[in-house]
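For reference, the structure discussed in these notes is given below.
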Amino acid sequence: MKKLTTILTVLLLAAPAITRAEATVDELQQKIAAITDQLQQLTEKVEAQQSPAESPPSATNSEVMAAINELREQVAAINEELNELSDTVDEEVEDLWESADASESHVALDRVTFTGDFRATADTLHYRDVTWNPGIKVNFTDFFNKVGASLMPGVEHPLGEMNVFVPDAESPLGFSFDPGASQGTALDNLFVDMFNNDPAQFNQLMGMMANYMMTGQEPGVGNYAMAQEPRISDINNDILYTTRLRLNLRAPIAKNMNFSGRLLMYKNWGDTTTSKVFDSWNAFTMDGTNGGSTTGDWLRVERAYFDWKDIGGTDFYLSIGRRPSTYGTPTNYRENEMRGGTPSGHLVNFNFDGITIGYHMEDLTGIEGMAVRFCYGQGYESEWGNGELFNQLETTSDTHLGGFNIDLLNNGKTFVSLTLFRAQDIVDGFKGTFAFPTQFVQLFAPTLYADVQKFPTFNFNTRYTPSTTIGSMNLAGIGFSREEDNGFVWFASVSLTQLQPNGQAGMFGGLGTDAVFEAKLSTSGEEVYMVPVGAEDDDSRTGYGVYAGIQVPVKSGKFGLEYNYGSKYWTPFTQAQDDPLGSKLATRGHVGEAYYIYEINSNAFITLGGLFYDFEYTGSGSPVGKPVKIEDVQSSLSYSLLPVVDTAWDLYAKISMRF
């Protein structure tokens, strides 16, 4: 290999000298051709003038012979010049052989190597019993106390003046509701609007307030519906086309050091807006998930890191940068590719900026392929770029992730891995972008909605910044896979996630728990609105997930079956998985998948398959908010600010090519 490298180096460096020599040779060869033509003409002339009796040469013939001799001398001189030119080129090449050292090899040959893959996909997506039934948890004790204060003269009115409750001697409460007495205050408008637009909600609220005032029994925290009834429907997206392009970069730095990177474009056809309307957490584009989210025709940096191996002649190695943490085992089998990421794909499929320090333990333990890695990264920067100079960010902290990825056995056929890590100081949603849904404007900003409703399909793009730190998480999992000699593959993985909320919450909730809202008066005094003040509780909760599958060699390809299940509080970091219906491995419920991979050749294949989702709980793929049963949202026993899906299925066809 080294000899071949040297040969290539010399050829590259000698190219200019050879090019110059070729130009000179062409000129000399043209001269020789011209002289040859002259010689031919003179020879024919001499032959024509000679008599049959071979008379002695005339003076004219003597002149011709002299010209011929002169031309022959010119040809000899040109040949000599050609020989000298050849010797010069040989000497230059010889000098290049002698000077082709390591530095020149680096300049000539050490270029970035590009490889990549291309995938085009057609999906048909079908959702069943999609329910939008928005609601929040409200501290009704606090609300009724503030409303009651507005009825009393001489005390502070936290929600402003109220005039629609007038004295009534016949009422057991001593007052009654009279919408005609409204003077347009914030509380007046709140109750009049509810009375006119949602009488059932108005009567329920009045009953709760009357019971509290008459019995003194505090209503506490309860559900507050934000719609008169749930809206349930089926949705069919008959065809969705997407294109994914991944470009791999690799460059040697030194004998034991190299750089690797991967650029990625993932888009659905006819869309380069880079953001989606926020109707699910799958529509939220953020740093950790943008590799699996259709974000237009941009090339994003999915990976960029260096590896420094055999440090100091030991088995230690170091890697820093945007590390490979997507498509780890055993998810690589359905992708028909090699192991793509370090951690378990059942627990982590998430872009990761950080550091890995590893040690190959095979020589120490005698266990083939055994390696231990400590990984550290940062998932959220709480200050830089978030308006830190206004000094109002005291409620958030940086999110740090750290833990171990251990290859217990990796002998080329059997692979056993253990993943253990912790996410410290998680915030309520990370920072990202989405198109703000008009439906949320109607729920939370009625004053703005008066204008926005005129443009129902105009969604303004917003940069979401988390409002508070909501707790920490622990994650652990063990995975096993086996590749038999006949091509049969089978695998299984079991993982746990533990949520440790701290009692804080943002708009969409705390860590695995709901937010509690309280009423507040706007600074203008014109509107009463609800703000999250904390989480419903701070109890730790544990979820689990199982994942198993087989892959069978068949004619011209492979056939695979996979199944996974996630419990109520199952919360992995797999949101960058690019399943259109959302990461199947983050599902709180059941998912089954079947696929067939037809191998066109060694670098191209077609995949035909289908996925079926049966969701049991809300919030799949997000640690924010309390999971509740889908059927409870449908029956209004519980509520969800985001639409929830009962079941869904996806039939897909993909063509993939490596280059």
Side-chain angles (χ1 to χ4, degrees), residues 113-125 237 239-250 260-272 289-303 324-341 345 349 351 481 483 487-489 491 549-562 564 574-585 591-611 649-659:
T113 301
F114 277 91
T115 59
D117 60 79
F118 170 88
R119 187 188 73 190
T121 305
D123 293 90
T124 178
L125 309 176
N237 185 348
I239 191 69
L240 169 70
Y241 295 109
T242 59
T243 297
R244 187 188 71 180
L245 171 67
R246 299 189 300 190
L247 297 176
N248 302 309
L249 299 82
R250 187 174 177 84
S260 298
R262 184 156 80 185
L263 306 178
L264 181 144
M265 181 207 74
Y266 182 38
K267 72 181 300 289
N268 57 288
W269 291 12
D271 182 8
T272 58
T289 65
N290 57 27
S293 179
T294 52
T295 52
D297 56 0
W298 294 10
L299 269 179
R300 295 181 178 271
V301 179
E302 184 190 17
R303 299 176 180 180
S325 53
T326 54
Y327 301 102
T329 56
T331 62
N332 56 301
Y333 293 114
R334 67 194 289 255
E335 301 292 333
N336 197 32
E337 59 186 27
M338 303 295 289
R339 178 187 185 184
N349 196 320
N351 297 336
S481 63
E483 301 177 8
F488 180 79
V489 175
F491 64 83
I550 60 171
Q551 194 176 83
V552 183
V554 294
K555 185 177 181 180
S556 300
K558 307 165 185 175
F559 174 74
L561 291 172
E562 296 189 4
N564 61 274
T574 61
Q575 295 90 332
Q577 196 170 27
D578 61 8
D579 301 318
L581 295 176
S583 167
K584 75 168 192 171
L585 294 178
V591 180
E593 180 176 19
Y595 61 84
Y596 168 64
I597 298 173
Y598 172 73
E599 295 179 338
I600 304 172
N601 52 53
S602 60
N603 290 315
F605 58 93
I606 295 172
T607 307
L608 303 175
L611 285 155
W649 53 276
D650 170 16
L651 294 180
Y652 58 81
K654 309 177 183 180
I655 182 166
S656 304
M657 301 177 185
R658 307 184 187 98
F659 52 86

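Position 1 is the first residue of the sequence, and the numbers go up from there. This is a predicted model, so every value here is computed, not measured.
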Practice problem: Please name all residues satisfying ring-ring contact (aromatic ring centres under 6.0 Å, His included) with Tyr241, sequence neighbours left out, ordered by chain then number. | Solution: Trp269
According to side-chain hydrogen bond (donor to acceptor under 3.5 Å, both in side chains), who are the partners of [X], at least two apart in sequence or on a separate chain?
{"X": "Ser325", "result": "none"}
{"X": "Thr295", "result": "Arg300"}
{"X": "Lys267", "result": "none"}
{"X": "Gln551", "result": "Tyr595"}

Practice problem: For residues 114-125, pull every pair meeting side chain to side chain donor-acceptor pair (under 3.5 Å), keeping only residues two or more places apart or in separate chains. | Solution: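 Passing the test, one end in residues 114-125: Thr115-Asn248, Asp117-Arg246, Arg119-Thr121, Arg119-Asp578, Thr124-His126.
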Self-check item: Contact list for residues 650-659, test side chain to side chain donor-acceptor pair (under 3.5 Å), sequence neighbours left out
Solution: Glu593-Tyr652
Test side-chain contact (heavy atoms from CB on, under 4.5 Å) applied to [X] - qualifying residues, sequence neighbours left out:
{"X": "Phe118", "answer": "Ala120, Thr243, Phe659"}
{"X": "Ser481", "answer": "Tyr333, Phe415, Phe491"}
{"X": "Leu299", "answer": "Leu247, Leu263, Met265"}
{"X": "Ala653", "answer": "Leu608"}

Quiz item: Atom CD in Gln577, atom OG1 in Thr289: separation rounded to 0.5 Å?
Solution: 12.5 Å
Practice problem: Determine the sole option in Asn601, Asn603, Thr607 for which the side-chain contact (heavy atoms from CB on, under 4.5 Å) test with Phe605 is passed. | Solution: Thr607
Practice problem: State whether the side chain of Asn351 and the backbone N or O of Ala576 hold a donor-acceptor pair below 3.5 Å, judged by distance alone. | Solution: no
Quiz prompt | salt bridge (charged side-chain N to carboxylate O under 4.0 Å, His left out) pairs, two or more places apart, involving residues 289-299 | solution = none
